[in-house]
Amino acid sequence: MSASWVRTWLRACAALVHERSAWLTELDAAIGDGDHGINLDRGFALVVARLGLDGEDGAGGAPDLPGDALLREAGRVILGSVGGASGALYGRALQRAGAALADGGAAVPAEHDRVVVVPADPGGEAPAVARALGAAVDGIAALGRSAPGDKTMLDALVPAAVSLRASVVAGQELGVALDLAADAAERGAEATIPLVARRGRASYLGERSAGHLDPGAASSALLVRALAVTWSRG
Ligand code: ADP
Ligand code: MG
């Protein structure tokens, strides 16, 4: 991922999360503690400020950092500023994505059960993005000890990563591949509604968590959609 795409993506994430912050918080109020939108909004706004992405063209601030370093830095800011489960999980995901871009995937610890394995590839942007998303998903699954079906962000992210990997293997053009991945994330998020939560705060509700969209799956779908809408503008 080029540095300019990463910058554009992070700004788009901040804008989308800001726009949907009240909705995300409402979702979290139903089955959690009502802070998801507020937390993410503050975190991504800080990413934009600290990485100097608020300049006219997104340059400035950390202009010389390559894409992988920008992702790791964004992860550090999210980890340090977003409270709750999602701060730790998204922070870790961004750091893993950056590490995967930097070294071709070798940074994903072999001892972890990988949810999505994207083999190291000789090159190309599409495989790199698929590897980065796969590494992000693996990072969340390992830290959260969670899996698809637990009613978490993984219910949006795993279908997205699986779809992206399949598209890449099929030689699909990246723009189309990312649109399909974003569609898969949105379907995956919707599919959390009937689920009973097995991880995070919502799991304290037991059966009463069913009938509600998971806030983390909803925000994850926004972040994947942001990838699809920004890639060609990178
Ligand atoms: P908190 O629950 O600590 O207030 P947030 O409200 O910011 O944190 O985020 C809640 C979201 O985090 C949930 O909707 C869920 O998607 C995600 N989440 C919580 N625990 C886990 C976990 N162990 N693995 C994956 N995702 C999780
Ligand atoms: Mg919460």
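Note that the numbering runs from 1 along the sequence shown for the chain. As the structure lists them, so they are numbered: ligands from 1, and atoms in each ligand from 1.
With contacts defined as side-chain heavy-atom distances shorter than 4.5 Å, the pair Val137/Leu154 qualifies. Between Val48 and Leu10, every side-chain heavy-atom pair lies at or beyond the 4.5 Å cut-off. By the 4.5 Å heavy-atom criterion applied to side chains, Phe44 and Val82 are not counted as neighbours. In this structure the side chain of Met1 reaches within 4.5 angstrom of the side chain of Leu101, judged on heavy atoms. You'll find the side chain of Leu70 stays beyond 4.5 Å of the side chain of Pro66, heavy atoms only.
The OD1 atom of Asp35 and the OD1 atom of Asp33 subtend an angle of 80° at the Mg ion (ligand 2), given to the nearest 10 degrees.
Nearest heavy-atom pair, Tyr90 versus Gly216, reported as atom, atom and distance to 0.1 Å: OH-O, 3.2 Å. For the pair Ile193 and Lys151, the tightest heavy-atom approach, listed with the atom from each and the gap, is O-NZ, 3.2 Å.
Distances between N or O atoms of Lys151 and those of ligand 1 include no value under 3.5 Å. Considering backbone and side-chain atoms alike, Leu154 places every N or O at 3.5 Å or more from each N or O of ligand 1. Checked against a 3.5 angstrom limit, the closest N/O atoms of Arg145 and ligand 1 fall outside it.
Listed for the Asp155 side chain is a donor-acceptor partner under 3.5 Å among the backbone atoms of Thr152. A donor-acceptor pair is defined here as one N or O able to donate and one able to accept, closer than 3.5 Å; such a pair exists between the side chain of Arg198 and the backbone of Gly149.
Closest protein heavy atom to atom 24 (N) of ligand 1: Ser146 OG, 2.6 Å. In this structure, the protein non-hydrogen atom closest to atom 5 (P) of ligand 1 is His36 ND1, 3.4 Å. The protein heavy-atom contact nearest to atom 26 (N) of ligand 1 is Thr152 CB, 3.2 Å. Protein heavy atom at the shortest distance from atom 18 (N) of ligand 1 is Leu89 CD1, 3.8 Å. Looking from atom 23 (N) of ligand 1 to the surrounding protein, the closest heavy atom is Gly144 O, 2.9 Å. Residue, atom and distance of the protein heavy atom nearest to atom 17 (C) of ligand 1 are Met153 CE, 3.8 Å. Closest protein heavy atom to atom 2 (O) of ligand 1: Arg201 NE, 3.4 Å. Summary of contacts: the protein heavy atom closest to atom 16 (O) of ligand 1 is Asp214 OD2, 2.6 Å.
Closest approach between the Mg ion (ligand 2) and any N/O/S atom of Asp28 involves OD2.
Of all the heavy atoms of Leu143, none lies under 4.0 Å from any atom of ligand 1, so neither backbone nor side chain is involved.
Around atom CD of Glu173, more than 12 heavy atoms belonging to other residues, nucleotides or ligands sit under 6.0 Å away.
For ligand 1, the atoms sitting less than 4.0 Å from at least one non-hydrogen atom of Gly200 are 19 (C), 20 (N), numbered in the order shown with element in parentheses. The ligand atoms of ligand 1 that sit less than 4.0 angstrom from a heavy atom of Asp28 are 6 (O). Atoms of ligand 1 found under 4.0 Å from any heavy atom of Arg199 (numbered from 1 in listed order, with element): 22 (C), 23 (N). Of all atoms in ligand 1, numbered sequentially from 1 with element shown, those under 4.0 Å from a heavy atom of Ala85 are 1 (P), 3 (O), 8 (O), 19 (C), 20 (N). The distance from ligand 1 to the heavy atoms of Gly216 drops below 4.0 Å at these ligand atoms: 13 (C), 14 (O), 16 (O).
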* Could you walk me through whether Asp28 and Asp33 pass the side-chain contact (heavy atoms from CB on, under 4.5 Å) check? -> CA-CA 6 Å; Asp28 194 35; Asp33 57 355; 2.9 Å; yes
* Asked: Leu51 and Val77: side-chain contact (heavy atoms from CB on, under 4.5 Å), yes or no, with the steps?
  -> CA-CA 9 Å; Leu51 272 59; Val77 172; 4.2 Å; yes
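Residue contacts with ligand 1 include Pro215, since one of its heavy atoms falls under 4.0 Å from the ligand.
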